[in-house]
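Report on one structure; see the data block that follows.
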Amino acid sequence: MDDLRAKYIDLIAAADSEAALEELRVAAVGKKGEISLKMRELGKMSAEERQVAGPALNALKDEINSALAAKKAALADAALEERLKGEWLDVTLPGRPRRMGTIHPISQVMDEVTAIFADMGFSVAEGPQIDSDWYNFDALNIPGHHPARAEMDTFYMHRAEGDNRPPHVLRTHTSPVQIRHMEAHGAPCRIIAPGRVYRADYDQTHTPMFHQVEGLAIDRDISMANLKWVLEEFVKAYFEVDNVELRFRASHFPFTEPSAEVDIQCSWDGGVLKVGEGSDWLEILGSGMVHPQVLQNSGVDPDEWQGFAFGMGIDRIAMLKYGIPDLRAFFESDLRWLRHYGFAALDMPTLQGGLSR
Ligand code: DAH
């Protein structure tokens, strides 16, 4: 019996799987197991012998069964331990940032422009994208026969049969916001009006929908000198350069008198645009002193008030600053383009924090 005990206790201790344990159980205490066979021999024994051997065999059977159970539990623990090791996870690691969308370059530039002009005391005004021809043309001193109307490739809204009123238009520029703002708030005022505009035109530098920002500053003594300073400050801040020459070229717009188109100094050395150096010029906006008739049309007395206005293409200055060659790609919603040219979300441009970093 001692040999049996020693044999099975050793074998159980050495077993390395549940299957091996089960084999040992069958061999020791199964129906035909060694201990079970020994128990059958009890019948052939004398009563005295049986009295000794019976309890001893039962005790051995119990001992083997508990050794089997203990070993089984130990194997299960070891297996769990092994699995936990494989699945170990450092919960103190930082999270993986989830990819968010990007800020479209147009939105980015609008935010940059707004931050710069806000710093100079301009607030943001808005107007409708579908406007009457009064606001888009007449009030801005562009009468029906004026060539500027034809030049603008205007989209006209559909009119109901028998409706002879002039049709509404998709605004061709942001200038009508000047009229609406002065009409509603009078003078003095200092606003910019960024937004969408529409013209029937499509090539590498024109899309039927594009963006402009209008500027308007009216007070009692505002002059071209103020316009020049404001635009210089803007261009330096926007292109993030310390110095840049501006060139004011005499021009004509129906809504300003005098009018000037503004070019910025730049170089194209090696095919890369650099603003603020070199001897080339790049046109970026139209401007001038608001025409007295326009003030009058907006309910502002031109004998008391005067000021400047300007209009600038947002898409164009976005292309210039961020080296984007084709305007049409702006509005194709190609995710690869957006990931390449887009800006980090939650990264608002500010003058203190940096406009574009
Ligand atoms: N509205 C003009 C355009 O779309 C741009 C412009 C020129 C706006 C001169 C102005 C200005 O306010 O003074 O081409």
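Just follow the structure's listing: the first ligand is 1, and inside any ligand the first atom is 1. For reference, positions follow the sequence shown, starting with 1.
Using bins of under 30°, 30° to 60° and over 60° for the plane-to-plane angle, the ring pair F122/F308 lands in the tilted bin.
Taking the ring centre of F210 as origin, the terminal cationic atom of R199 falls outside the region bounded by 6.0 Å and 45° from the ring axis. Under the 6.0 Å distance and 45° angle rule, R328 counts as a cation-pi partner of Y202. Geometric assessment of K321 against the ring of Y238 yields a positive cation-pi assignment under the 6.0 Å and 45° thresholds.
Within a 6.0 Å radius of CD in E183, more than 12 heavy atoms belonging to other residues, nucleotides or ligands are found.
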Quick check on ligand 1: any N or O pairs to the protein under 3.5 Å? One line per pair.
| unit_1 | atom_1 | unit_2 | atom_2 | d |
| --- | --- | --- | --- | --- |
| ligand 1 | 1 (N) | H173 | ND1 | 2.9 |
| ligand 1 | 1 (N) | S175 | OG | 2.9 |
| ligand 1 | 4 (O) | R199 | NH2 | 2.9 |
| ligand 1 | 4 (O) | Q212 | NE2 | 2.9 |
| ligand 1 | 12 (O) | Q178 | NE2 | 3.1 |
| ligand 1 | 12 (O) | E214 | OE2 | 2.5 |
| ligand 1 | 12 (O) | F310 | N | 3.4 |
| ligand 1 | 12 (O) | F310 | O | 3.4 |
| ligand 1 | 13 (O) | A309 | O | 3.2 |

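For T256 (side chain) and H291 (main-chain N/O), no donor-acceptor pair under 3.5 Å exists by modelled atom type.
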